[in-house]
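Along the sequence shown, the residues carry numbers beginning at 1.
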Amino acid sequence: MASSISESEGSGKPNLKLYSYNISSCAWRVRIALNLKEFLKLNPLGYVPVLVDEDVVISDSLAIIMYLEEKYPQFPLLPRDLQKRAINYQAANIVASNIQPFQNLVVLNFIGEKLGSVEKLSWVEHHIKKGFTALEKLLAGYSGKYATGDEVYLADLFLAPQIGGAIQRFQMDMAEFPLLKRLNDAYSEVPAFQNAVPEKQPDPMTTS
């Protein structure tokens, strides 16, 4: 189920429309980007998110975020420092390629049907912990208040939904990931992040 969110007419802001799904971590990270930048033919795969900007239609969360970054430079999502920029790309890729696909509802439903609910939970816990372990090591020398310093950047947009989903959907114990737990606490104090959480979205909450 998808919902569309667009800027109100007459607001003087771009008339962007986001096709979303409240618990989708991919859509969640795009909502944060839209909030940070003060913006409140679909995807052939049939997945969300999809952003419609007049006659431009973009699917895939990273493509949407980078489109927003280039078109609306306010509140940059990438640091000027090339090394920190690379760390942001790497952290985002760990989430997008090595964690999130393995907890996708389509994948989990398939595993649950074939192997049962116990194996489904073991599967998702294994992949989340593996990714979180890598992120703890990667960010250890770069984190400040946020993932790569004291400003919110691309990595944070990917981390916040992933950590939040791990805790809320899969009851992940964050005790063994103190750095990520600290970052999650910091995100809870940023309005742009909190306004993007699933329970504040117009489509109904579901964990199926």
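- Counting only distance, with no hydrogens or angles, the side chain of N93 and the backbone of Y89 share no donor-acceptor pair below 3.5 Å.
- Across S61 and R29, no two heavy atoms sit closer than the pair OG-NH1, 2.8 Å.
- Taking every heavy atom of both residues into account, I94 and G131 meet most closely at CG2-O, 3.9 Å.
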Give the intermediate values and the outcome of side chain to side chain donor-acceptor pair (under 3.5 Å) for residues Q162 and Q103. CA-CA 10 Å; Q162 182 56 61; Q103 67 178 48; 2.9 Å; yes
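- A distance of 8.0 Å separates OG in S25 from CG in N104, rounded to the nearest 0.5 Å.
- A donor-acceptor pair under 3.5 Å links the side-chain atoms of E136 to the main chain of L179, judged by distance alone.
- Nearest heavy atom pair, residue S59 against residue A63, reads O-CB, 3.6 Å.
- Between D185 and K181, at least one side-chain N (NZ, or NE/NH1/NH2) sits under 4.0 Å from a carboxylate O, which counts as a salt bridge.
- Interatomic distance, CG of N109 versus NZ of K114, reported as 12.5 Å (0.5 Å rounding).
- Of the inter-residue distances, the one linking R85 atom CZ with Y153 atom OH reads 9.5 Å to the nearest 0.5 angstrom.
- Counting heavy atoms from C-beta on, the side chains of Y142 and Q83 come closer than 4.5 Å.
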Given side chain to side chain contact (heavy atoms under 4.5 Å, CB included), test I128 with M172 step by step and report yes or no. CA-CA 9 Å; I128 291 176; M172 184 68 64; 3.5 Å; yes
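- Rounded to the nearest 0.5 angstrom, L154 CG and I32 CD1 are separated by 11.0 Å.
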One pair to check against side chain to side chain donor-acceptor pair (under 3.5 Å): S143 and R182. What are the steps and the verdict? CA-CA 10 Å; S143 67; R182 177 175 60 76; 3.1 Å; yes
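- Residues V124 and V107 fail the side-chain proximity criterion, which asks for heavy atoms closer than 4.5 Å.
- Using a 4.5 Å heavy-atom cutoff, the side chains of T148 and L139 are in contact.
- Using a 4.5 Å heavy-atom threshold, the side chains of L135 and V95 count as touching.
- Not counting sequence neighbours, the partners of K71 by the salt bridge (Lys or Arg N to Asp or Glu O under 4.0 Å) test are D53.
- Atom CZ of residue F170 and atom CD of residue Q168 lie 11.0 Å apart, to the nearest 0.5 angstrom.
- In summary, K37 and E69 engage in a salt bridge, as defined by a charged side-chain N under 4.0 Å from a carboxylate O.
- Taking each heavy atom of L108 and K120 in turn, the nearest pair found is O-CD, 3.0 Å.
- Taking hydrophobic clusters as Ile, Leu, Val, Met, Phe, Trp and Tyr residues chained together by side-chain heavy-atom distances below 4.5 Å, V56 shares a cluster with L68.
- Remark: side-chain polar atoms of D150 are paired, donor with acceptor, to backbone N or O of K145 under 3.5 angstrom.
- Contact detail for L36 and L77: the closest heavy-atom pair is CD1-CD2, 3.9 Å.
- Side-chain atoms of N184 do not come within 3.5 Å of backbone N or O of L180 as any donor-acceptor pair.
- Of the candidates I163, I99, I65, I65 is the only one forming a side chain to side chain contact (heavy atoms under 4.5 Å, CB included) with F158.
- In this structure the side chain of C26 never reaches within 4.5 angstrom of the side chain of L62, judged on heavy atoms.
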Run the side chain to side chain donor-acceptor pair (under 3.5 Å) test on Q194 and Y187 for me, step by step, so that the C-alpha distance in whole Å, both residues' side-chain angles and the decisive distance to 0.1 Å come before the verdict. CA-CA 8 Å; Q194 287 309 295; Y187 300 146; over 6 Å; no
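- Between F102 and H127, the ring planes are parallel. Angles under 30° get that label, and only those over 60° would be called perpendicular.
- Looking at N88, its side chain never comes within 3.5 Å of a backbone N or O of L78 through a donor-acceptor pair.
- The shortest side-chain heavy-atom distance between D156 and F193 falls under the 4.5 Å cut-off.
- Closest approach of W28 and G165 over heavy atoms only: CZ3-N, 4.0 Å.
- The pair E176-K129 meets the salt-bridge criterion, with a side-chain N (NZ, NE, NH1 or NH2) lying under 4.0 Å from an Asp/Glu carboxylate O.
- To the nearest 0.5 Å, atoms CD (E119) and CD1 (I111) are separated by 9.0 Å.
- Side-chain atoms of V152 and F75, non-hydrogen and from C-beta on, do get closer than 4.5 Å to each other.
- Contact annotation: the side chain of I167 approaches that of M174 to within less than 4.5 Å [non-hydrogen atoms, C-beta and beyond].
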